[in-house]
Amino acid sequence: MEILGLGLGMVLLFVGFGLLIGVLFGFFGMGGSFLVTPALLVMGYPTRVAVGSGLAFVFGTSVIATLKHRDMGQVDYKLGVLMIAGTTAGIEAGKEIVIHLESLGLAGSIISVTYVFLLGGIGAFVTYEAVRGDGGGGVDHDQADAEVDADDIPEIAKKIQSYRVPPMMSLRGGVSVSLWLILAVAFVTGLLSGFLGVGGGFIRMPALFYLIGVPVPIAVGTDLFEIVFSGGLGSFLYAMDGGVDISIVVPLLAGSAFGARIGSAATSIVDEDDIKVYFGLMLLGGALAVAVREIGTVTGIDALNTVSLVLILGSALVVSGAVVYSSVTALREESQSSAPA
């Protein structure tokens, strides 16, 4: 039995994977394409199809999750528009780099190596900050409109905010930061989005918090709002070159539609510090998976491709499970505390 040209087993695999990614997307504000694109590469899809389909998936999921965060007042539209302006140029530049590398036959290897170093570096940093407990947690998810306490801003962001390069922009939560910093972060993440086939959220959300000093809930909601446009633009550009496979995107979106609602709702009841370390470990798992796949390609050991796919799916499963478990635990504790004696 085939659906959209795929066997039933593959369709169910994509639906299940989309569900896991949707939970991560809604909770962390990160599209999950940093897991989807490597997974498609491991499955043997061409680089352009893996990148383009990853961006198309990000676009569809971001619309769902952004609507939920908008309802909770966790979107800074002014910051989002500025991010879109810088991201647009970056996406086009990244796409042209991929096309050029494809013509040289180097796209797959270079993108894989970039994934390993980028995911590994960010994963190690986030995990270190979470374990050390000195990275600040932003503010609680239900305090997105409140002024940010100085103790809630990471030291790196305080240092950056001390450089008053005009024009300065006032953001939600009382944050004031240079326009040039916002545009620089937007361009770099846009470049990554077009080059790696990612929404850019796995680097943009930490950048909004650790570099700009935006509270975590607003960083998540605004990141999702920006991804709607960057993912839509990126997938359109790749679709024009035949780089989007609908048979991949549709089942992924079917699963993520439900998962994104769960993840978005969890942001209002779960303290992100509780599972920040799991997120860092997930990035490290993704980096390890891509590294294993590349080693398998170079050495000709096909079994390593299977190991790589298991690592990617396992990382998504573990962190998604942590989000759901923490949500259920928080609701149970709240119910017990409010129950009459």
Side-chain angles (χ1 to χ4, degrees), residues 25 28-31 33-34 37 51-52 54-56 58-59 61-63 65-66 69-70 74-100 111 114-115 118-119 121-122 125 154 156-157 159-173 175-238 240:
F25 194 27
F28 290 109
M30 303 180 190
S33 52
F34 65 90
T37 302
V51 172
L55 282 170
V58 162
F59 168 68
T61 312
S62 63
V63 173
T66 300
H69 282 276
R70 181 202 61 181
Q74 296 174 350
V75 178
D76 187 327
Y77 292 103
K78 179 168 64 176
L79 175 60
V81 170
L82 292 174
M83 294 293 292
I84 291 169
T87 298
T88 302
I91 287 177
E92 180 61 28
K95 168 180 167 287
E96 292 301 323
I97 293 174
V98 170
I99 293 176
H100 177 66
I111 288 177
T114 304
Y115 259 113
L118 196 59
L119 287 180
I122 296 176
F125 174 76
I156 301 175
K159 183 67 174 177
I160 291 175
Q161 290 177 9
S162 68
Y163 297 104
R164 315 290 290 183
V165 181
M168 301 296 294
M169 305 297 298
S170 297
L171 307 177
R172 291 187 59 185
V175 176
S176 180
V177 68
S178 172
L179 169 65
W180 303 113
L181 174 63
I182 297 174
L183 293 178
V185 171
F187 179 81
V188 172
T189 53
L191 184 66
L192 290 171
S193 182
F195 179 62
L196 299 176
V198 299
F202 76 92
I203 186 173
R204 182 168 47 244
M205 199 283 281
L208 288 174
F209 175 58
Y210 287 106
L211 299 183
I212 299 179
V214 177
V216 171
I218 299 176
V220 171
T222 304
D223 178 36
L224 288 167
F225 170 73
E226 198 278 338
I227 290 175
V228 171
F229 294 90
S230 64
L233 174 63
S235 58
F236 173 76
L237 292 174
Y238 272 93
M240 294 295 290

## Note on the structure
Taken to the nearest 0.5 Å, the spacing of F187 CZ from T88 OG1 works out to 11.0 Å
### Message
List the residues meeting side-chain contact (heavy atoms from CB on, under 4.5 Å) with P166, not counting sequence neighbours, and say none if there are none.
### Response
none
### Query
Roughly how far, to the nearest 0.5 Å, is CG of L79 from CD1 of I218?
9.0 Å
### Task
Applying ring-ring contact (aromatic ring centres under 6.0 Å, His included), name anything that partners F59, two or more places apart in sequence or on another chain.
none
### Message
With rounding to the nearest 0.5 angstrom, report the CH2 to CG distance, W180 to L82.
### Response
11.0 Å
### Task
Quick one: list whatever passes side-chain contact (heavy atoms from CB on, under 4.5 Å) with E96, sequence neighbours left out.
E92
### Gap between atom CG of D76 and atom OG1 of T222 - 0.5 Å precision
5.0 Å
### Task
Please name the pair of heavy atoms, one in M83 and one in V185, separated by the smallest distance, quoted to 0.1 Å.
CE-CG1, 4.1 Å
## Note on the structure
side-chain contact (heavy atoms from CB on, under 4.5 Å) filter on I97, not counting sequence neighbours, yields L101, L191, F195
### Atom of F225, atom of I84 and distance for their closest heavy-atom approach
CE2-CD1, 4.2 Å
